Amino acid sequence: MLNYRKTAKRRTEDPSMTIRIEMLGTGSAFAKKYYNNNALMTGGDYTLLVDCGITAPSALHHMGVGLEKIDGIFISHTHADHVGGLEEIAFRMKFEHERKPDLLVPAGIRRSLWEHTLRGGLESPEDGADSLDAYFRVIEIPEETVHEVAPGFTIELFQTKHVPGKLSYCLIVNGGLLYTADTRFDRGLIRYAYHERGCRHILHDCQLITPGTVHATLEELLTLPEDIQKSVLLMHYGDNMESFMGKTGRMTFMKQHKAYEFDV
Ligand SMILES: O=c1ccn([C@@H]2O[C@@H]3COP(=O)(O)O[C@H]3[C@H]2O)c(=O)[nH]1
Ligand SMILES: [Zn+2]
Ligand SMILES: [Zn+2]
């Protein structure tokens, strides 16, 4: 049972920082025209890669972003379009860059991320590489608590309703921007972020075709009131996105590899 209200705090203060977001990709898990829905978020001097899917290494290469630019990686859940690029990044950070980036991992998925996703490739008993700590500076993030990623750059995690029984998380960034990662339509989450927290930027995954199974559909998102829709940027969409242009109400499709700046 989600309990958003226990950390409710309406945003009243002036914008404190510009968060720059550049999507490595805006595609759904099976999109072929768009890279996986992963984001580079920069606040101050710190750049956080939010999810690292199968296509993340290729997307970074295409964007001309070297691994030296990435300070940390946050993982929202263990689907391959969000974690499938981690093995390559871990090996390259270790052997080419000789450093451990931060790995911001929700406490509840830390074990699964190693045991079920990464151990097969990254375990190296003779080197003593037997856990995430061999490759990353692991930082467990608790739910519904403000975590300072870097001075003035904060995230809070909330569970999303994605695949029933599977842990997955969205982020509220600097108290003013909701990044859903993957979730089914959850009006309560959106209303909480918009009304109770004052989020005026909502980056939401969107399945274009109804019915939805594990993502919010465009049809469901179109039931949001216009004022909320104006704050919504749609991401994690299928290859047929262009045929839905002009059919998204007051909501806008995000574009991959475009830099967006949000004062939050
Ligand atoms: O119960 C399930 C689990 C998964 N899937 C599909 O697999 C994809 C995995 O990545 P994703 O979470 O971005 O999107 C998911 C869906 O496209 C589904 O339709 N129903
Ligand atoms: Zn996904
Ligand atoms: Zn998913």
Side-chain angles (χ1 to χ4, degrees), residues 2 21-41 48-60 73-89 103-118 120 141 143 155 157-173 177-186 189-190 193 202-221 232-241 243-244 251 253-257:
L2 296 176
I21 298 186
E22 201 169 348
M23 300 300 295
L24 268 59
T26 49
S28 65
F30 311 141
K32 299 293 174 274
K33 282 168 59 177
Y34 308 108
Y35 293 105
N36 295 155
N37 199 84
N38 308 157
L40 268 185
M41 292 190 188
L48 180 68
L49 175 59
V50 175
D51 288 327
C52 181
I54 299 166
T55 65
S58 301
L60 289 167
I73 303 167
F74 168 78
I75 296 301
S76 67
H77 66 299
T78 55
H79 278 152
D81 55 322
H82 302 264
V83 293
L86 266 180
E87 179 180 310
E88 176 177 330
I89 300 297
L103 182 69
L104 283 67
V105 59
I109 68 170
R110 176 179 185 160
R111 185 175 168 278
S112 177
L113 181 61
W114 176 254
E115 295 292 340
H116 305 138
T117 302
L118 292 173
I141 314 282
E143 297 176 11
I155 58 173
L157 308 192
F158 297 88
Q159 280 191 33
T160 56
K161 297 174 176 168
H162 182 34
V163 173
K166 181 179 179 66
L167 277 177
S168 55
Y169 292 88
C170 65
L171 295 176
I172 290 184
V173 178
L177 181 149
L178 172 66
Y179 181 94
T180 61
D182 284 9
T183 186
R184 285 179 280 140
F185 184 64
D186 182 351
L189 170 66
I190 297 170
I202 299 174
L203 280 51
H204 208 299
D205 56 314
C206 174
Q207 179 174 316
L208 297 168
I209 306 291
T210 298
T213 50
V214 295
H215 292 282
T217 63
L218 176 57
E219 194 176 335
E220 290 168 324
L221 291 163
V232 174
L233 287 167
L234 302 170
M235 58 184 191
H236 205 295
Y237 44 72
D239 283 337
N240 52 349
M241 178 273 274
S243 57
F244 288 85
M251 301 178 287
F253 285 117
M254 265 193 119
K255 292 199 173 127
Q256 63 184 23
H257 307 176

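As the structure lists them, so they are numbered: ligands from 1, and atoms in each ligand from 1. We number each residue from 1, following the sequence as shown. Predicted model only: the values in this text are computed from it and were never measured.
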Check for a donor-acceptor pair, side chain of [X] on one end and backbone N or O of [Y] on the other, with a separation under 3.5 Å.
X      : Y      : result
Arg184 : His162 : yes
Thr55  : Ser58  : no
Asp51  : Ser76  : yes

request  = State the atom name: nearest N, O or S atom of Asp182 to the Zn ion (ligand 2).
outcome  = OD2
remark   = Of all the N, O or S atoms in Asp81, the one nearest to the Zn ion (ligand 2) is OD2
inquiry  = Among Asp182, Thr160, Thr183, which residue satisfies the side-chain hydrogen bond (donor to acceptor under 3.5 Å, both in side chains) criterion with His77?
reply    =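 Among the candidates, only Asp182 passes.
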Identity and distance of the protein heavy atom lying nearest [atom]:
atom                    : answer
atom 1 (O) of ligand 1  : Val214 CG1, 3.6 Å
atom 14 (O) of ligand 1 : His215 NE2, 2.9 Å
atom 7 (O) of ligand 1  : Phe30 CZ, 3.4 Å
atom 3 (C) of ligand 1  : Val163 CG2, 3.9 Å
atom 19 (O) of ligand 1 : Thr213 OG1, 3.3 Å

inquiry  = Taking distance alone, with N or O pairs closer than 3.5 Å, would you say His79 contacts ligand 1?
reply    = yes
query = His162 heavy atoms, cut-off 4.0 Å: which ligand 1 atoms fall inside?
reply = 12 (O)
key: For His236, atoms of ligand 1 separated by under 4.0 Å from a heavy atom   = 13 (O)
inquiry  = Please report, to 10°, the angle around the Zn ion (ligand 2) from atom NE2 (His236) across to atom NE2 (His82).
reply    =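 That angle works out to 120° after rounding to 10°.
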ask   = What pair of heavy atoms forms the shortest contact from Asp239 to Lys32, and how long is it?
value =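 The pair with the smallest heavy-atom distance is OD2-N, 2.8 Å.
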Over all atoms of both residues, closest heavy-atom pair of Ile73 and Cys52 =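 Where Ile73 meets Cys52 most closely, the heavy atoms are CG2-CB, 4.2 Å.
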inquiry  = Would you compute the distance between atom CD of Glu22 and atom NZ of Lys255 and round it to the nearest 0.5 angstrom?
reply    =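 Reported to 0.5 Å precision, the distance equals 14.0 Å.
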task = Nearest 0.5 Å please: distance from the CG atom of Leu221 over to the CD1 atom of Ile190.
result =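 Going from CG on Leu221 over to CD1 on Ile190, the span is 5.5 Å.
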query = Does His77 bring an N, O or S atom to under 2.8 Å of the Zn ion (ligand 2)?
reply = no
ask   = Is the Zn ion (ligand 2) less than 2.8 Å from at least one N/O/S atom of His215?
value =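 Short answer: no, not a single N, O or S atom is under the cut-off.
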ask   = Looking at His79, which of its N, O or S atoms is the nearest one to the Zn ion (ligand 3)?
value =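 Restricting His79 to its N, O and S atoms, the minimum distance to the Zn ion (ligand 3) goes to ND1.
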task = Please name the residue in the list His82, His79, His204 that meets the ring-ring contact (aromatic ring centres under 6.0 Å, His included) test with His236.
result =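 For His236, the ring-ring contact (aromatic ring centres under 6.0 Å, His included) check succeeds only for His82.
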